[in-house]
There are 2 protein chains.
Amino acid sequence: MGPSARAASDRDLFADGLRDQGVGELGYRPNATAVALRTHRSQVLGLLIRNLHNPFFLDVVDGFDGACAAAGYEVMIGSSRYDPSREWELLHAFQDRGVDGLAVAPIGTGPAVGDWAEDYRCPLVLLNAPPPQAGAAVMSVRGVGAAAVAQAVRHLVELGDRELTLVVAPADKDPEPERPERFRALARESGFAARVVETEPGLDAAREAVGRVSAEPPSRRPTAFLTNSDHLAQAVYLAAADLGWRVPEDLSVVGHDDLPTAALLAPPLTTLRVDRREIGRRAATLLIDSLEGRPPARRDVVVRVDLRVRQSSSPADIANSQDRKPELPCRN
Amino acid sequence: MGPSARAASDRDLFADGLRDQGVGELGYRPNATAVALRTHRSQVLGLLIRNLHNPFFLDVVDGFDGACAAAGYEVMIGSSRYDPSREWELLHAFQDRGVDGLAVAPIGTGPAVGDWAEDYRCPLVLLNAPPPQAGAAVMSVRGVGAAAVAQAVRHLVELGDRELTLVVAPADKDPEPERPERFRALARESGFAARVVETEPGLDAAREAVGRVSAEPPSRRPTAFLTNSDHLAQAVYLAAADLGWRVPEDLSVVGHDDLPTAALLAPPLTTLRVDRREIGRRAATLLIDSLEGRPPARRDVVVRVDLRVRQSSSPADIANSQDRKPELPCRN
DNA sequence: ATGAAAGCGCTAACAG
DNA sequence: CTGTTAGCGCTTTCAT
C-alpha cells in the first residue's frame with residue numbers, strides 16, 4: 001500500500017467513525033450492556049412520572065436529564081398515567097433493566113414504591129412527596145408544601161377573602177396529604193371558611209368540580225380558589241367563565257407552579273413559584289451522590305416556593321391601578 | 001417444618017415477591033441486561049429531543065411512551081438542548097446502550113443524525129423533519145408544514161392582512177426549511193409582503209427579535225405574525241405589549257401547536273392544531289413495526305394540521321361580536 | 001509488570 | 001423432546 005492510498009484510507013476512517021474524536025484516539029466504544037452485566041452498574045437512572053401530561057414535569061425531566069448527562073448517566077423514563085398497576089409494572093421493568101437509581105413522582109403517597117424499594121435495594125427518591133417514615137433509605141425532593149399553602153392563604157386573607165376553597169387531586173392520587181390538612185388547620189386558627197374540593201386530573205373534570213362548589217348560597221359563595229397546580233387553576237378560570245364571574249373582581253385565584261404561561265393568562269395568574277428544573281436536578285444529584293459514595297447530607301431536600309402576586313388575586317381597584325405591563329415568565 | 005410454618009412462609013413469600021402475580025407463577029424475572037447482551041435486542045427505544053423545555057414535546061414523549069409501554073418496550077430519553085455536540089454524544093450513548101430503534105427531533109435538518117444512521121443500522125425516525133433524501137432507511141413523522149403555512153396565510157389574507165411576518169428558528173436549528181420557502185412563494189403568488197424573522201429559541205430572544213422588526217415605518221409596519229410554535233407566539237404577545245399594540249386590533253397573531261394554554265391566553269390564540277401525542281405514538285409504532293418484521297407502508301407519516309381560529313386573528317369588530325365564552329383547550 | 005481465564009445471566013445451537 | 005454447552009463483550013481475578 002503506497003503512501004497516497006494510506007492517506008485516503010485515513011481520511012475515510014476519519015470521516016466515518018472518528019468524526020468528533022481526537023486524532024490518535026481509537027474509535028473504540030465499550031458495549032454498555034456487557035459492562036452493565038459484568039459490573040452490575042448500568043449507568044442508567046430511572047424516572048417514573050405519574051402524569052407526563054402535566055407541563056410541571058417537563059422541566060423536572062429536563063433538569064434530571066441535565067444532571068445525568070453531566071455525570072455520564074443515561075435516563076430511562078416512563079409514565080404511570082395515574083394507573084397503580086402500571087406504576088408497579090414500570091417499577092419492575094426498571095428493576096429488570098438494572099437501573100442504578102430511581103426517581104418517582106408517585107401516585108398518592110406511593111405505598112407500592114415503598115414495597116418495591118424493600119426488595120430492590122437501590123437509591124430511590126420521591127418527587128414532590130414526603131419520604132415514607134418507614135424506609136430510611138428513601139430520599140425525597142419537594143417544594144415546601146405546607147408553608148406554601150400558608151403563604152397563599154395569608155395573602156388572600158389580607159385581601160379580604162374569607163371563603164377559601166382548596167382544589168386538590170383525590171386523596172389516593174395526591175402525594176401531599178399534608179396540604180389539605182394544613183389548609184384546614186389554618187382555617188381553624190385564622191377563622192376563615194375552608195372548603196376542600198377533590199377532582200380527578202383533567203381540565204374538564206376539574207372545571208365541573210369547581211362549578212359544583214360554586215353553586216353555594218350567596219352567603220357561603222367561595223370568593224377565592226387555591227389550587228395544587230397552575231393546570232387546575234386554568235380549570236378554575238374556565239369554570240368562572242362558565243358562571244360569568246370575573247377574575248379577580250368576583251373571584252381570586254391562586255395557582256401553584258408558575259408555569260411559563262401563568263403570566264400570560266387573562267388575567268395573569270397569582271401562583272406559587274417553584275423551580276421545577278431544580279427539583280429534577282436535585283433528584284438526580286441525590287441519586288448520583290449516593291451511588292458514587294458521597295452520601296448526601298440531607299435525605300429530604302426541600303426547595304423554596306414563593307408567591308408571585310399577579311392580577312388574579314388583586315381586588316379590582318388594586319388591579320386597575322397596577323402597572324399592567326406583562327412581566328416575563330420564568331426564564332425560558 | 002410443620003404445616004403451620006409452611007403456611008406462614010407461603011404468606012411471606014406472597015407478600016414479598018409475588019404481589020401482583022397469579023398464584024402458582026414463579027416469581028422469576030429474567031435479567032433484561034443479560035437478555036440484551038445475548039440476543040442483541042434490548043427492548044429499549046431511544047427518544048432524543050432537541051429541546052425538552054418546549055411543551056410541544058411533552059405530549060410527544062407521552063404518546064411515544066404509551067405506544068412503547070403497550071408493546072413491551074422501555075424508553076430512554078435525552079435532550080440535546082440545541083447543542084449539536086451533545087446530540088452527537090447522545091446518539092452514541094444510545095448506540096452503546098444498544099437501543100433497538102431511535103426517534104430524534106433533530107437540531108436543524110439533522111445531518112449528524114444521518115451520518116450516525118449510516119454506521120449504526122437500526123430503525124430511525126425523524127420527528128417534525130422531512131426524511132433526508134439520502135438515507136432511504138430513515139423514516140419520519142411530522143405535521144404537514146407547508147400546507148399549514150398556506151392555511152394560515154389564506155386566513156390572514158382573507159382578514160385583510162397584507163404585511164405578514166413569519167417567525168422561525170435560525171436556519172441551522174430549524175428542521176423544516178420548507179416552511180419559510182413556502183411562505184415566500186405564497187407571497188409572490190398572492191401579492192402580500194412577506195418578511196421572515198429568525199430568532200434563537202427562548203422567550204426573551206424572540207420577544208426582542210419581534211420588537212426589532214416591528215420598528216418599521218408605518219407603511220411597512222407588520223400587521224400579522226405567524227410563528228412556528230405557540231411558544232414563539234407568546235413572545236409576540238409580549239413584544240406587542242411592549243409596543244402598546246393591541247391584539248387583534250393592531251396586530252394578528254397565529255401560532256402553531258395548539259398547546260393547552262393557547263385558548264387561555266389573552267386574547268385566545270389562533271393556532272394550527274396538531275396532535276402531538278399522535279406524533280409520538282406514530283413514531284414509536286413505526287419503529288416497533290420495523291423491528292417486528294412488519295415493514296410500515298409509509299416511511300413518511302404526515303399528520304393532519306388544522307387551523308383553529310380564535311380571537312388573536314379576528315379584526316376588532318368581528319372579535320367583539322363573537323361569543324366570548326372560552327372554549328375548551330384540547331382534551332385534558 | 002502483562003497475559004490468561006473465569007464468569008456476569010441469559011439464549012441458541014447442539015447433542016442425546 | 002429434554003438436557004447440555006458455548007458464548008454475547010466485558011471486568012476481575014489469578015497466574016505467570
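Values below: every heavy atom of this structure, side chains too, minus hydrogens, waters and symmetry copies. Naming convention: chains lettered A, B, ... in sequence-line order (proteins, then strands); numbering from 1 in each chain.
A donor-acceptor pair is defined here as one N or O able to donate and one able to accept, closer than 3.5 Å; no such pair exists between the side chain of B:R50 and the backbone of B:E87. Although no hydrogens or angles enter the test, the distance criterion places no donor-acceptor pair under 3.5 Å between the side chain of A:R276 and the main chain of A:G63. Panel note: side chain A:R81, backbone B:D62; a donor-acceptor pair is recorded below 3.5 Å. A donor-acceptor pair under 3.5 Å links the side-chain atoms of A:N54 to the main chain of A:F56, judged by distance alone. In this structure, B:R41 contributes its side chain and B:Q43 its backbone to no donor-acceptor pair below 3.5 Å.
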Output one letter per nucleotide in nucleotides 9-14 of chain D: B when a protein non-hydrogen atom lies under 4.0 Å from the base, S when only the sugar-phosphate is that close, - when neither is. BBB---
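Not counting sequence neighbours, B:D83 has no partner by the salt bridge (Lys or Arg N to Asp or Glu O under 4.0 Å) test. Qualifying salt bridge (Lys or Arg N to Asp or Glu O under 4.0 Å) partners for B:D289, counting only residues two or more places apart in sequence or in other chains: B:R294.
Other residues, nucleotides and ligands contribute more than 12 heavy atoms inside 6.0 Å of the CZ atom of A:R142.
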Could you go through residues 102-114 of chain A and list every donor-acceptor pair under 3.5 Å that involves a side-chain atom there, pairing it with any protein atom two or more places apart or in another chain?
none

Listing time: all N or O pairs from protein to nucleotides 2-5 of chain D that are below 3.5 Å?
none

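Aromatic ring pairs are classed by plane angle as parallel below 30°, tilted from 30° to 60° and perpendicular above 60°; the pair B:W116 and B:Y120 is tilted.
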Show me the dot-bracket string of DNA chain D, counting Watson-Crick or G-U pairs under 3.5 Å, with | for pairs to another strand and [ ] for crossing ones. |.||||||||||||.|
